[in-house]
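Comments concern the structure below.
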Amino acid sequence: MTTRWLTPKEQRAWRAFIAASHLLEDAIDRQLQQDAGMPHLYYSILATLSETPERRLRMTDLAEGLKITRPRLTYAVTRLEKDGLVRRESCRWDKRGSIAVLTDEGMAEVERAAPGHVETVRATLFDRLSAEQVGQLEEISRAIADGLQEGSGDEVPWRRRSSSCSGS
């Protein structure tokens, strides 16, 4: 098999993408640590649950939505449980599975942290782009995500162990 090396233009685009991704994630994580005392992942879990019906979601669906492994989600939810922000309930139709539920305290935490988070996202990303570039960013990001998920089946980490409700 012949290696398809990146062209100089592709190499510059790749390095710019990696730098921007790392810097953006770092800025968001630092802001959430300073203002809410939690990493971006924990905020993402709380925010996702806050947007679901009855503020509850199967652990497997939460892992898939956040694109993280089930063990990583289990660890984070355990920590959020200790802080009283999330609780787990057994899945009624699958005794092996569980459902993450956002508590009232967790909802209050999301509402407290959201303004600073949104301002950081806006300042570090959207304020730097034109309206046209925002559309292009969505289109490019969707093409990458769709391409990576297409045909990957159970190869992606959050889909590896199958159970109708589970994950932990």
Side-chain angles (χ1 to χ4, degrees), residues 21 24-25 27-126 129 131 134-168:
S21 297
L24 183 61
E25 182 61 31
I28 291 169
D29 203 55
R30 275 187 289 117
Q31 176 273 319
L32 284 166
Q33 287 285 4
Q34 287 174 345
D35 293 355
M38 72 176 73
H40 188 203
L41 173 61
Y42 291 15
Y43 177 82
S44 295
I45 292 168
L46 298 178
T48 299
L49 289 171
S50 77
E51 297 168 349
T52 61
E54 300 179 26
R55 301 187 320 212
R56 64 183 57 235
L57 199 57
R58 291 177 350 171
M59 291 284 283
T60 53
D61 295 337
L62 188 54
E64 183 165 350
L66 294 171
K67 309 297 184 238
I68 61 173
T69 63
R70 293 176 191 171
R72 186 171 180 212
L73 177 64
T74 298
Y75 179 84
V77 167
T78 298
R79 175 64 199 275
L80 291 168
E81 270 187 304
K82 287 179 184 172
D83 293 340
L85 305 177
V86 172
R87 74 174 182 275
R88 269 185 274 201
E89 296 177 352
S90 296
C91 181
R92 292 185 302 266
W93 56 90
D94 179 354
K95 298 301 179 202
R96 297 173 300 160
S98 62
I99 296 172
V101 181
L102 184 66
T103 64
D104 290 341
E105 294 82 5
M107 188 66 185
E109 187 64 26
V110 170
E111 290 170 346
R112 188 178 72 72
H117 173 66
V118 170
E119 184 54 41
T120 299
V121 170
R122 182 167 299 291
T124 58
L125 181 62
F126 293 110
L129 303 176
V134 171
Q136 291 168 345
L137 176 63
E138 179 185 8
E139 185 179 330
I140 290 166
S141 297
R142 193 172 308 282
I144 293 168
D146 290 351
L148 289 169
Q149 291 184 112
E150 194 173 282
S152 60
D154 288 338
E155 294 300 311
V156 289
W158 49 89
R159 289 191 190 148
R160 286 205 181 116
R161 252 185 321 142
S162 66
S163 170
S164 63
C165 203
S166 110
S168 302

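Source: prediction; values computed, not measured. By convention here, the first residue in the shown sequence is residue 1.
- In this structure, the side chain of T124 does not engage the main chain of L24 through any donor-acceptor pair within 3.5 Å.
- To the nearest 0.5 Å, the span separating OH on Y43 from CD on Q33 amounts to 14.0 Å.
- Of all the heavy atoms in V110 and S50, the pair that sits closest is CG1-OG, 4.0 Å.
- Inter-residue side-chain proximity for H117 and D35 is flagged as unmet; no heavy-atom pair is nearer than 4.5 Å.
- For the pair V86 and V101, the minimum side-chain heavy-atom distance is 4.5 Å or more.
- Using a 4.5 Å heavy-atom cutoff, the side chains of E54 and L49 are not in contact.
- With rounding to the nearest 0.5 angstrom, the OG atom of S141 is 11.0 Å from the CD atom of Q136.
- How far CG of D29 is from CE of M38: 11.0 Å, rounded to the nearest 0.5 Å.
- Annotation: side chain of T103 is not in contact with side chain of R55 (no heavy-atom distance under 4.5 Å).
- L62 is listed as a side-chain neighbour of I45, based on a closest heavy-atom distance under 4.5 Å.
- Using a 4.5 Å heavy-atom threshold, the side chains of S44 and H40 count as touching.
- Not a single donor-acceptor pair under 3.5 Å links the side chain of K82 to the backbone N or O of R79.
- For the side-chain contact (heavy atoms from CB on, under 4.5 Å) with E109, the qualifying choice from D83, L80, L85, L102 is L85, the only one to do so.
- Annotation: the span from L137 atom CG to R142 atom CZ amounts to 10.5 Å, rounded to 0.5 Å.
- Residues T74 and M59 have side chains in contact (heavy-atom distance under 4.5 Å, counting atoms from C-beta outward).
- Between T69 atom OG1 and Y75 atom OH the span is 13.0 Å, to the nearest 0.5 Å.
- Salt-bridge formation is detected for the pair E89/R56: a Lys NZ or Arg NE/NH1/NH2 atom is positioned less than 4.0 Å from an Asp or Glu carboxylate oxygen.
- The main-chain N or O of I28 is never found under 3.5 Å from a side-chain atom of T120 such that the two would form a donor-acceptor pair.
- Within a 6.0 Å sphere centred on CZ of R112, heavy atoms belonging to other residues, nucleotides or ligands number more than 12.
- The OG1 atom of T60 sits 9.5 Å away from the CG atom of L73 when rounded to the nearest 0.5 Å.
- Listed here is the closest heavy atom pair of E64 and K67: O-NZ, 2.9 Å.
- The shortest distance between side-chain heavy atoms of V77 and R88 falls below 4.5 Å.
- Residues Y42 and A76 approach most closely at CE1-CB, 3.4 Å, considering heavy atoms.
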